[in-house]
Asks: 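If you scroll down you'll find the structure; I have some questions about it.
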There are 2 protein chains.
Amino acid sequence: MMLIGEVSKQSGCHIETIRYYERIALLAPTARTEAGYRLYREQHIQQLRFIHRARELGFSLDDIRELMSLKSQPQLPCQSVEAITEKHLQGIQQRIEHLNSMAQELRHVAASCSGGDIAECRILGALANPANAHDGNVP
Amino acid sequence: MMLIGEVSKQSGCHIETIRYYERIALLAPTARTEAGYRLYREQHIQQLRFIHRARELGFSLDDIRELMSLKSQPQLPCQSVEAITEKHLQGIQQRIEHLNSMAQELRHVAASCSGGDIAECRILGALANPANAHDGNVP
DNA sequence: CCTAAGGTCTGTAGTTGCTACAGAGTCAAG
DNA sequence: CTTGACTCTGTAGCAACTACAGACCTTAGG
């Protein structure tokens, strides 16, 4: 049986984060000492490592909630796990594409700026006009 | 002079968002009708389009605040604008890299799963172990 | 003149996943 | 018995909105 500080070290989750997970019921409430200190066992460390790792991979806490629930039903087919993972991966892909298109536009905009004063700054100029605009004068 | 609904249509910003920008002082308070309705002019549409475009490119509202402040000082050199843009671009790059590494790990993990029951699910298995783990049995 | 529909107002709470206190209690060592 | 380290609860903050509730205003139609 360990206190939360030890669990924090072993799981990689901050103390406040562990308490937060308990508060949102991602973790069940633990046993307590007479003084009210939370008591943990090895099993909790495993759970927290699982959560920590899943967070590193970008899963939302809702995803993780589902994954943990599935994990506790070993006889089910693992399709649902794959589905969650696949969907998450697609979300990441979309975010990457979104960021890539932003980066491309930004580079384009930034490249058009050749120093000088703000009055002539092409970056600010580009921001003043609607999206399209691979340059070009507006009539 | 226009009311906020018209401004919303012309700028692409939601009504609530426009009010929000005013509340956080990204926009100066506008004139009002006797009944208290906000009144806008062409100039405000320009400002909101600027903000909207900058948001599309991922700039934070703090960045935008600075950009707008710079914009109003046309005699300054545009270095600061370039600096903000450059820094923002780097932030985007980092996020892309982070997402890419997550995606790669996720694909690796997902590929190792060959169906079956949750008890044997490799995805959940991989989440149970710390980061490294290009597979491999843990002794 | 009255009503109904649509626009607008303020203020507040919710979203996500934490993080950072304040203020109080607990515990072990010296 | 005091000091320091640890823990507790509860609350507020972050970013950038979004979504109400409940009230007020305006205008067109009957």
Side-chain angles (χ1 to χ4, degrees), chain A residues 1-27 29-40 44 47-48 50-68 87-88 91-92 94-95 98-99 102, chain B residues 1-27 29-40 44 47-48 50-68 87-88 91-92 94-95 98-99 102:
Chain A
M1 301 289 258
M2 296 160 280
L3 297 181
I4 199 168
E6 182 63 22
V7 174
S8 169
K9 275 173 207 151
Q10 291 201 33
S11 67
C13 301
H14 291 163
I15 291 177
E16 296 91 338
T17 306
I18 299 172
R19 290 198 281 241
Y20 168 69
Y21 289 159
E22 184 184 312
R23 200 163 67 242
I24 63 170
L26 187 61
L27 296 177
T30 64
R32 299 280 184 133
T33 67
E34 286 186 8
Y37 288 17
R38 289 172 181 81
L39 283 173
Y40 299 88
H44 297 108
Q47 284 190 349
L48 280 163
F50 181 92
I51 296 172
H52 190 237
R53 181 80 185 106
R55 289 293 300 141
E56 280 180 353
L57 292 175
F59 285 102
S60 71
L61 294 182
D62 273 354
D63 283 346
I64 294 174
R65 212 184 290 272
E66 269 209 72
L67 290 173
M68 289 174 76
K87 199 164 175 188
H88 174 46
I92 290 182
Q94 280 187 9
R95 283 155 69 192
H98 186 205
L99 288 171
M102 289 195 323
Chain B
M1 301 289 258
M2 295 161 281
L3 297 181
I4 199 168
E6 181 65 21
V7 174
S8 170
K9 275 173 207 150
Q10 290 201 32
S11 68
C13 301
H14 291 163
I15 290 177
E16 296 91 338
T17 306
I18 298 172
R19 290 199 280 241
Y20 169 69
Y21 289 159
E22 183 184 312
R23 199 162 68 243
I24 64 170
L26 187 61
L27 297 176
T30 64
R32 300 280 184 132
T33 67
E34 285 186 7
Y37 287 17
R38 288 172 181 81
L39 283 173
Y40 298 88
H44 297 109
Q47 283 190 349
L48 280 164
F50 182 92
I51 296 172
H52 190 237
R53 182 81 185 105
R55 288 294 299 141
E56 281 180 354
L57 291 175
F59 285 102
S60 72
L61 293 182
D62 273 354
D63 284 347
I64 294 173
R65 214 185 288 273
E66 270 211 71
L67 289 173
M68 289 174 75
K87 199 165 177 187
H88 175 46
I92 289 181
Q94 281 188 10
R95 284 155 70 193
H98 186 208
L99 287 170
M102 291 196 323

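Proteins come first, then strands; the chains are lettered A, B, ... in the order of their sequence lines, and each starts at number 1.
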Asks: Do the side chains of B:Leu26 and B:Met68 get nearer than 4.5 Å, heavy atoms only?
Replies: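 With C-beta onward as the side chain, the pair touches.
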Asks: Under 4.0 Å, heavy atoms only, any strand: does A:Phe59 hit a base, just the sugar-phosphate, or nothing?
Replies: nothing
Asks: Could you give the OH-to-C1' distance, from B:Tyr20 to C:dG11, as a whole number of Å?
Replies: 15 Å
Asks: Taking CZ from B:Arg65 and P from D:dA15, how many angstroms apart are they, rounded to a whole number?
Replies: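 My rounded result for the distance is 10 Å.
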Asks: Could you tell me the separation between the CD1 atom of A:Ile4 and the CZ atom of A:Arg19, rounded to the nearest 0.5 Å?
Replies: 5.0 Å
Asks: To the nearest Å, how far apart are A:Met2 CE and D:dC6 P?
Replies: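 Value for this atom pair: 16 Å.
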Asks: Tell me: CD of A:Glu22 to P of D:dT9, nearest whole Å?
Replies: 7 Å
Asks: Closer than 4.0 angstrom, basic N to acidic O: yes or no for A:Glu22 and A:Arg32?
Replies: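 Yes, A:Glu22 and A:Arg32 are salt-bridged.
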Asks: Quick one: is D:dC25 close enough that its OP1 or OP2 comes under 4.0 Å of any side-chain N or O from B:Thr33?
Replies: no
Asks: Could you check whether any side-chain N or O of B:His88 sits under 3.5 Å from a backbone N or O of B:Leu57, counting only pairs where one atom can act as donor and the other as acceptor?
Replies: yes
Asks: For D:dC17, take OP1 and OP2 only and decide whether either is under 4.0 Å from a side-chain N or O of B:Tyr21.
Replies: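 For D:dC17, OP1 or OP2 has a side-chain N or O of B:Tyr21 closer than 4.0 Å.
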Asks: Could you check whether A:Leu3 gets within reach of a base, just the sugar-phosphate, or nothing at all, counting any heavy atom under 4.0 Å?
Replies: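 Sugar-phosphate, backbone atoms only, no base.
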Asks: Mapping B:Gly58 and B:Glu34 onto DNA chain D by nearest heavy atom, which one lands closer to the 5' end?
Replies: B:Gly58
Asks: Which whole-number value in Å describes the distance from A:Arg23 CZ to D:dT11 P?
Replies: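 Rounded to whole Å, this separation is 10 Å.
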Asks: Respond yes when some side-chain nitrogen or oxygen of A:Arg32 is under 4.0 Å from OP1 or OP2 of D:dT9, and no when none is.
Replies: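 For A:Arg32, the contact criterion (side-chain N or O under 4.0 Å from OP1 or OP2 of D:dT9) is met.
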Asks: Is the phosphate of C:dG7, meaning OP1 or OP2, less than 4.0 Å from a side-chain N or O of B:Arg19?
Replies: no
Asks: Expressed in angstrom and rounded to an integer, what is the separation of B:Glu16 atom CD from C:dG14 atom P?
Replies: 17 Å
Asks: Over all strands shown, is A:Ile15 touching base, sugar-phosphate only, or nothing at heavy-atom distances under 4.0 angstrom?
Replies: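 Sugar-phosphate: the residue A:Ile15, judged by heavy atoms under 4.0 Å, touches backbone atoms but no base.
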Asks: Distance check: side-chain N/O of B:Arg38 vs OP1/OP2 of D:dC25, anything under 4.0 Å?
Replies: no
Asks: Just how far, in rounded Å, is P of D:dC8 from OH of A:Tyr40?
Replies: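 For the pair A:Tyr40 OH and D:dC8 P, the rounded distance is 6 Å.
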Asks: Is A:Glu56 salt-bridged to A:Arg53, cutoff N-O under 4.0 Å?
Replies: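 A salt bridge links A:Glu56 with A:Arg53.
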Asks: OP1 or OP2 of D:dC17 less than 4.0 angstrom from a side-chain nitrogen or oxygen of B:Arg55, does that happen here?
Replies: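 So the side chain of B:Arg55 is within the cut-off, an N or O lying under 4.0 Å from OP1 or OP2 of D:dC17.
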Asks: On the nucleotide C:dC18, are OP1 or OP2 found under 4.0 Å from the side-chain N or O atoms that A:His14 carries?
Replies: no
Asks: What's A:Ser60 touching, base or sugar-phosphate or nothing? Going by heavy atoms closer than 4.0 Å.
Replies: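 The residue A:Ser60 makes sugar-phosphate contact but no base contact.
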Asks: Roughly how far, to the nearest 0.5 Å, is the CE atom of B:Met1 from the CD atom of B:Glu6?
Replies: 14.0 Å
Asks: Distance criterion of 3.5 Å, no angle test: do you see the side chain of A:Tyr37 paired donor-to-acceptor with the base of C:dG25?
Replies: yes
Asks: How close or far is atom C1' of D:dA5 from atom NZ of A:Lys9, stated in whole angstroms?
Replies: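 Result: 11 Å.
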Asks: Among the candidates D:dC8, C:dG17, D:dT26, find the nucleotide nearest to the side-chain atoms of A:Ile4.
Replies: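 Nucleotide nearest to A:Ile4's side chain: D:dC8.
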